[in-house]
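Excluded from the calculations below are hydrogen atoms, water molecules and symmetry mates; all remaining heavy atoms, backbone and side chain alike, are included. We number each residue from 1, following the sequence as shown.
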Amino acid sequence: MSDDLVISWLAMMRVCNRLTQTIERELAREHQLCVSAYELMSALAPRTGWTRLSDLTEQVSRSQPQVSRLIAQMVAAGVVQRTASPDDGRGSLVRLTEAGRDLYASATATIERILRNAALPAVRFPPDPAGAPADAEAAHATG
């Protein structure tokens, strides 16, 4: 059995981790926002109405307690509104405020800038047997 696929996967994970760390740092510095909150905003942004909190939890890569905690922080920051669900006394509905939509737009611009400026190595599946990067120009990721 060959390790090529595993080696490629690890290389890809390292690139993704470096990019995520850079994005996390810049979102915090420029927008006082974490990647997890941005992910919630990205799920809410296309919607104009209210979204069930349980539906939001299913859509993102976070657990229900994490989503609830983040939503509480985002409500306190004024970027999300939360109300009780009229259909389910235990459920909640959420939506972005105008301030939340503005924050999402500016944070998206920051992420796009980081991704455009990142020198990403091409990860081949399987990798080049000689170990050379697929593109010598793309030798490292931002970070």
Side-chain angles (χ1 to χ4, degrees), residues 2-128 131-143:
S2 172
D3 292 329
D4 289 347
L5 289 177
V6 172
I7 290 167
S8 294
W9 171 72
L10 288 171
M12 183 177 59
M13 291 297 297
R14 288 182 194 108
V15 169
C16 288
N17 287 337
R18 284 192 298 263
L19 276 171
T20 300
Q21 289 169 359
T22 300
I23 290 168
E24 185 85 51
R25 183 175 55 246
E26 292 304 306
L27 285 180
R29 187 178 68 77
E30 294 181 28
H31 309 285
Q32 296 72 53
L33 189 65
C34 67
V35 168
S36 298
Y38 179 84
E39 182 183 11
L40 294 178
M41 295 173 87
S42 73
L44 291 171
R47 302 171 185 209
T48 55
W50 293 94
T51 300
R52 289 170 31 124
L53 190 57
S54 59
D55 292 343
L56 180 62
T57 300
E58 289 177 14
Q59 189 176 354
V60 298
S61 62
R62 308 284 177 243
S63 68
Q64 185 274 324
Q66 289 174 316
V67 170
S68 292
R69 180 181 50 79
L70 284 165
I71 290 294
Q73 292 171 355
M74 295 166 78
V75 167
V79 296
V80 168
Q81 290 177 308
R82 182 180 196 162
T83 190
S85 173
D87 302 330
D88 177 5
R90 296 177 300 155
S92 295
L93 302 174
V94 294
R95 68 180 175 190
L96 286 178
T97 62
E98 282 307 310
R101 290 188 180 285
D102 292 344
L103 177 59
Y104 175 72
S106 62
T108 297
T110 297
I111 292 171
E112 288 174 351
R113 175 180 42 84
I114 292 166
L115 294 173
R116 270 194 310 275
N117 293 332
L120 299 175
V123 179
R124 293 184 186 199
F125 288 93
D128 182 0
D135 180 359
E137 295 294 317
H140 69 283
T142 301

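Among residues at least two apart or in separate chains, there is no ring pair (Phe, Tyr, Trp, His ring centres under 6.0 Å) pair with a member in residues 52-81. The ring pair (Phe, Tyr, Trp, His ring centres under 6.0 Å) analysis of residues 33-57, with sequence neighbours excluded, yields the pairs Y38-Y104.
Smallest separation of non-hydrogen atoms from G78 and T97: O-OG1, 2.8 Å. Annotation for T48 and R101: closest pair CA-NH2, 4.0 Å, computed over non-hydrogen atoms. Here the closest heavy-atom approach between residue H31 and residue A107 is recorded as NE2-CA, 3.7 Å. S36 and L70 make their closest contact through CB-CD1, 3.5 Å (heavy atoms, listed as atom of the first residue, atom of the second, distance). V35 and T20 make their closest contact through CG2-O, 4.4 Å (heavy atoms, listed as atom of the first residue, atom of the second, distance). Here the shortest heavy-atom pairing between G49 and R95 reads O-CB, 3.6 Å.
For the pair V80 and L96, the minimum side-chain heavy-atom distance is below 4.5 Å. The shortest distance between side-chain heavy atoms of L56 and I71 falls below 4.5 Å. At a threshold of 4.5 Å between non-hydrogen side-chain atoms, the residues S85 and L53 do not count as touching. R82 has its side chain out of reach of M74: every pair of non-hydrogen atoms, C-beta onward, lies at least 4.5 Å apart. With a 4.5 Å cut-off on side-chain heavy atoms, R52 and D87 do not count as touching.
The side chain to side chain donor-acceptor pair (under 3.5 Å) search around E58 returns none, not counting sequence neighbours.
Going from atom CG of L33 over to atom CD1 of I23 covers 12.0 Å, rounded to the nearest 0.5 Å. Expressed to the nearest 0.5 Å, how far CD of Q66 lies from CG of L40 amounts to 9.5 Å. Separation of atoms CG (L10) and CG (L5) is listed at 11.0 Å; rounding is to 0.5 Å. If you take CZ on R116 and CD on E112, they are separated by 6.0 Å, rounding to the nearest 0.5 Å. A distance of 9.5 Å separates CD1 in I111 from CD in E24, rounded to the nearest 0.5 Å.
Listed for the E39 side chain is no donor-acceptor partner under 3.5 Å among the backbone atoms of V60.
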Requested in this report: Determine, step by step, whether T110 and E26 satisfy the side chain to side chain donor-acceptor pair (under 3.5 Å) criterion, reporting the C-alpha distance in whole Å, the side-chain angles of both residues, the deciding distance to 0.1 Å, and the verdict.
Outcome: CA-CA 8 Å; T110 297; E26 292 304 306; over 6 Å; no

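Of the N and O atoms on the side chains of Q64 and S68, at least one donor lies less than 3.5 Å from an acceptor on the other residue.
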